[in-house]
Amino acid sequence: VIAETRDVVVVVLYRFAHALDGEGNFKPVKVKRQVACPTKLNLESKAYRLFGVVSHLGTSLSAGHYVAAVRSRRDDAWYECNDETVTPLSLNALYDGRAVTSVRPGAEPYILFYHRDQADSDMK
């Protein structure tokens, strides 16, 4: 699923599916496929930068925890928000433009937030 406004693009990765169990019933399962999430995105001649990632920790739809990684507009640094705890992130890929597959060990990205690059906005 992709949704966008003039300045924001939201990408939702389907991390849950249904599979048949041994009795022939559908059971929700977590999709753990590694996905390379670009930190820079170009769509229809517009440039966007990743500014937020919601990730799921856990093995199933009914068990787990969500955490968020966000890029501060104040200092351009990345932070992990885990309930009431906010800690700086030092994952190099977030800062040097490489794609990221996870912002935390064991956490699969679920929702990606991109903001239109300021330089691109100024040119339009």
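- Remark: K46 NZ to R6 CZ distance equals 8.0 Å, nearest 0.5 Å.
- Residues E108 and V31 have side chains not in contact (no heavy-atom distance under 4.5 Å, counting atoms from C-beta outward).
- Although no hydrogens or angles enter the test, the distance criterion places a donor-acceptor pair under 3.5 Å between the side chain of K30 and the main chain of G58.
- Using a 4.5 Å cut-off between side-chain heavy atoms of Ile, Leu, Val, Met, Phe, Trp and Tyr, with links allowed through other members, V70 and V67 fall into different hydrophobic clusters.
- L13 has its side chain within reach of C37: a pair of non-hydrogen atoms, C-beta onward, lies under 4.5 Å apart.
- The main-chain N or O of W78 is never found under 3.5 Å from a side-chain atom of R71 such that the two would form a donor-acceptor pair.
- Note: the hydrophobic cluster containing V8 also contains V12 (ILVMFWY, side chain heavy atoms under 4.5 Å, direct or indirect links).
- To the nearest 0.5 angstrom, L41 atom CG is 13.5 Å from H115 atom NE2.
- Here the side chains of R15 and V35 are in contact, with some heavy-atom distance below 4.5 Å.
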Step by step, would you call T39 with Y95 a side-chain contact (heavy atoms from CB on, under 4.5 Å)? CA-CA 9 Å; T39 54; Y95 295 95; over 6 Å; no

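- Among all heavy-atom pairs drawn from P109 and T101, the shortest one is CD-O, 3.2 Å.
- Using a 4.5 Å heavy-atom threshold, the side chains of R104 and L91 count as separate.
- Residues passing the salt bridge (charged side-chain N to carboxylate O under 4.0 Å, His left out) test with R49 are D76, sequence neighbours excluded.
- One hydrophobic cluster holds both V53 and I2 under the rule that ILVMFWY side chains link at heavy-atom gaps under 4.5 Å.
- Residues V9 and L50 share a single hydrophobic cluster, defined by chaining ILVMFWY side chains whose heavy atoms lie under 4.5 Å apart.
- With sequence neighbours left out, S72 forms a side-chain hydrogen bond (donor to acceptor under 3.5 Å, both in side chains) with D75.
- Distance alone, capped at 3.5 Å, is enough to place a donor-acceptor pair between the Y114 side chain and the P38 backbone.
- Between H18 and F26, the ring planes are perpendicular. Angles over 60° get that label, and only those under 30° would be called parallel.
- In this pair, F113 and F51 present their aromatic rings tilted. The plane angle is within the 30 to 60° band.
- Rounded to the nearest 0.5 Å, atoms CD (E80) and OG1 (T85) are 9.0 Å apart.
- A 4.5 Å side-chain heavy-atom check between V10 and I111 finds at least one atom pair inside the cut-off.
- Taking the side-chain hydrogen bond (donor to acceptor under 3.5 Å, both in side chains) definition, one finds that R98 meets it with D96, sequence neighbours left out.
- With a 4.5 Å cut-off on side-chain heavy atoms, S55 and V103 count as touching.
- In this structure, CG in D117 is found 8.0 Å from NZ in K40, a value given to the nearest 0.5 Å.
- Pairing each heavy atom of L43 with each of Y48, the nearest pair is CB-CE1, 4.2 Å.
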